[in-house]
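Below is one structure, written out as structure tokens; comments come after it.
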Amino acid sequence: MVSSSVLAERKEKRMLSNRESARRSRMRKQKHLDDLMLQVSCLRQEKNQIFTAINVTSEHYIGVEAENSILRAQMMELSNRLQCLGEIIHCMNIAGGGDGGGVGAAFATGLPTAEDDCLLRPWSSLLIKQGLLGSDMYQYC
């Protein structure tokens, strides 16, 4: 049979082997934990960058939306003015005899006439003489 000193030696070898195996296991576990902590740190940093980008984009969106709203209001105002001016020109053409020689015709051809100046000063005595101030043109503006 095997002597007790050989058994004791094997037992000692096994204990050393087990200790070394346990040490390697602890080291692997610690390395894995360190890797996970590094990954958590990187993910938190990425999350913060994403939140910052979202905030910047949201602020930009709000600014663009506000500008868009202003532009829409301006477009509506200009559309209303254009419609009003078209109706004024139509009334002036009618008041001028409807022969196409009134202010509207001058605008359509692009040729300046003496009547063009009255559009720059709409309340001048020229319009009063034409009787347009008494017409229903005020309902359009």
Side-chain angles (χ1 to χ4, degrees), residues 1-128 130-141:
M1 279 218 158
V2 183
S3 72
S4 69
S5 67
V6 173
L7 287 176
E9 195 177 302
R10 284 184 184 169
K11 184 176 180 182
E12 186 68 28
K13 247 183 173 179
R14 195 171 49 245
M15 284 176 53
L16 285 174
S17 177
N18 286 345
R19 280 186 195 142
E20 185 61 28
S21 178
R23 186 183 69 76
R24 286 192 310 263
S25 178
R26 285 190 302 272
M27 288 177 63
R28 279 193 310 267
K29 187 176 179 181
Q30 184 62 45
K31 184 180 180 329
H32 184 64
L33 183 62
D34 292 344
D35 289 345
L36 289 175
M37 293 302 288
L38 180 64
Q39 186 178 8
V40 165
S41 176
C42 290
L43 289 173
R44 282 185 177 151
Q45 185 178 4
E46 185 179 350
K47 178 191 78 164
N48 289 337
Q49 290 173 347
I50 290 171
F51 278 143
T52 301
I54 287 172
N55 289 337
V56 167
T57 304
S58 295
E59 288 175 11
H60 181 69
Y61 172 79
I62 290 169
V64 168
E65 192 66 29
E67 183 180 355
N68 196 17
S69 178
I70 291 169
L71 290 173
R72 281 188 181 133
Q74 289 174 345
M75 182 187 71
M76 292 298 294
E77 176 65 25
L78 290 173
S79 294
N80 288 339
R81 285 183 184 182
L82 181 63
Q83 181 182 1
C84 184
L85 287 173
E87 291 170 356
I88 289 172
I89 290 172
H90 177 72
C91 290
M92 293 176 91
N93 280 339
I94 291 173
D99 61 358
V103 176
F107 277 122
T109 61
L111 300 173
T113 65
E115 294 174 324
D116 287 345
D117 189 47
C118 71
L119 286 177
L120 298 175
R121 295 179 288 118
W123 310 120
S124 68
S125 61
L126 180 60
L127 288 176
I128 295 172
Q130 290 179 350
L132 288 177
L133 290 177
S135 72
D136 60 351
M137 126 177 145
Y138 290 110
Q139 71 183 1
Y140 301 116
C141 295

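Every heavy atom of this structure was used, including side-chain atoms; hydrogens, water molecules and symmetry mates were not. We're numbering straight along the sequence, starting at 1. Since this is a predicted model, take the numbers as computed values, not measurements.
- A distance of 11.5 Å separates CE of Met37 from CG of Asp35, quoted to the nearest 0.5 Å.
- How far CG of Leu43 is from CG of Leu38: 9.5 Å, rounded to the nearest 0.5 Å.
- Atom OG1 of Thr52 sits about 10.5 Å away from atom NZ of Lys47, to the nearest 0.5 Å.
- Under a 3.5 Å cut-off, the side chain of Ser69 and the backbone N or O of Glu65 do not form any donor-acceptor pair.
- In the model, Asp34 has a side-chain atom that pairs as donor or acceptor with a side-chain atom of Gln30 under 3.5 Å.
- Applying the side-chain contact (heavy atoms from CB on, under 4.5 Å) test between His90 and each of Ile94, Ile88, Asn93 identifies Ile94 as the sole match.
- Counting heavy atoms of neighbouring residues, nucleotides and ligands inside a 6.0 Å radius, atom CD of Glu20 exceeds 12 of them.
- Proximity of a side-chain donor or acceptor of Ser58 to a complementary backbone N or O of Ile54 within less than 3.5 Å is detected.
- Note that OG1 of Thr57 and CD1 of Ile50 are 11.5 Å apart. Values are rounded to the nearest 0.5 Å.
- The closest donor-acceptor contact from the side chain of Ser79 to the backbone of Met75 lies under 3.5 Å.
- For the atom pair Gln74 CD and Leu71 CG, the distance stands at 5.5 Å (nearest 0.5 Å).
- Judged by distance alone, with hydrogens and angles left aside, the side-chain atoms of Ser25 form no donor-acceptor pair with the main-chain N or O of Ser21 at under 3.5 Å.
- Sparse packing is recorded around CD of Glu46, with 12 or fewer heavy atoms of other residues, nucleotides or ligands lying under 6.0 Å away.
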Open item on the list: Determine whether Lys13 and Glu9 satisfy the following criterion, salt bridge (Lys or Arg N to Asp or Glu O under 4.0 Å), listing intermediate values before the conclusion.
Closed with: CA-CA 6 Å; Lys13 247 183 173 179; Glu9 195 177 302; 5.5 Å; no
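- Rounding to the nearest 0.5 Å places CE of Met15 at 5.5 Å from CD of Glu12.
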